[in-house]
Amino acid sequence: MNQETAAPRPQLGDPIRNFSVLLSPTLRGARLARLLAVEQLRGWELPLEAASQIVAELAANAATHGRIPGRDFRLTLYVVGDTLRIEVTDTRGDRLPRLNRAEPHADSGRGLLIVDALADRWGVTSGLPPRKTVWAELAVDRAPRPDRAASTSSASRRG
């Protein structure tokens, strides 16, 4: 009997997960960006808290400072390995964000301070004129979330 041994096939690893959507540069569009991001991250079983806050801040900045009537902003999320990258692209490449210290009693001006505190890395990339992309990266734990594991184990005990 003749047996052949097949060489192991190379593993490509985890696929790159991505999500991208165009939204209106309004406060409603910024709110929708956060809601859509939370649902996408929940579907990917990734931590929500820091990422959703970063999306909220970057989307609010795009709607407030990157707004040009008739031109949408883009929210992109993708995961490569253990890194979640959040990108918000708007059409005001001439207005680059700056990390400022807000006045103690000011109602605004702390968005990038929050992004800076929550993200592992963040920055700005110029795109094709007139675009710019503000991005932030977070290391993510790829282990199942405890709430997901608990619901799975309780479901298996019932059946």
Cluster overlap Val79 with Trp135, hydrophobic side-chain contacts below 4.5 Å: no
Approximate separation, where rounding is to 0.5 Å, of Asn18 CG and Glu87 CD: 10.5 Å
Distance, nearest 0.5 Å, that separates CG of Asp120 from OG1 of Thr83: 7.5 Å
Gap between atom CD of Gln40 and atom CG of Leu46 - 0.5 Å precision: 9.0 Å
Over all atoms of both residues, closest heavy-atom pair of Arg92 and His65: CG-O, 3.8 Å
Salt bridge (charged side-chain N to carboxylate O under 4.0 Å, His left out) between Asp90 and Arg131, worked out: CA-CA 6 Å; Asp90 66 42; Arg131 294 172 189 85; over 6 Å; no
Return all side-chain donor-acceptor pairs below 3.5 angstrom for residues 25-38, not counting sequence neighbours, or 'none' if the list is empty.
residue	atom	partner	partner atom	Å
Thr26	OG1	Ser24	OG	3.0
Thr26	OG1	Arg28	N	3.4
Thr26	OG1	Gly29	N	3.0

Ignoring hydrogens and angles, write down the donor-acceptor pairs under 3.5 Å from the side chains of residues 50-60, residues two or more places apart or on other chains.
residue	atom	partner	partner atom	Å
Ser52	OG	Leu48	O	2.9
Ser52	OG	Glu49	O	3.1
Gln53	NE2	Glu57	OE2	2.8

Shortest non-hydrogen contact from Trp44 toward Tyr78: CH2-CA, 4.5 Å
Worked verdict on Leu113 versus Leu99 for side chain to side chain contact (heavy atoms under 4.5 Å, CB included): CA-CA 6 Å; Leu113 290 172; Leu99 189 61; 3.6 Å; yes
Point-to-point distance, once rounded to the nearest 0.5 Å, from CZ of Phe73 to OG1 of Thr91: 11.0 Å
Distance, nearest 0.5 Å, that separates OG1 of Thr89 from CG of Leu22: 9.5 Å
Minimal non-hydrogen separation, Arg74 against Ser20, with atom names: NH1-OG, 3.1 Å
Arg71 versus Pro130, closest heavy-atom pair with distance: NH1-CG, 3.4 Å
Joint cluster assignment, Val134 & Leu96, ILVMFWY side-chain distance < 4.5 Å: yes
Verify same cluster id: Leu75, Ile68 (apolar side-chain graph, 4.5 Å): no
Test item: Lys132 side-chain N/O and Arg95 main-chain N/O as donor-acceptor pair under 3.5 Å: yes
Closest contact, heavy atoms only, Arg98 versus Leu112: O-CD1, 3.5 Å
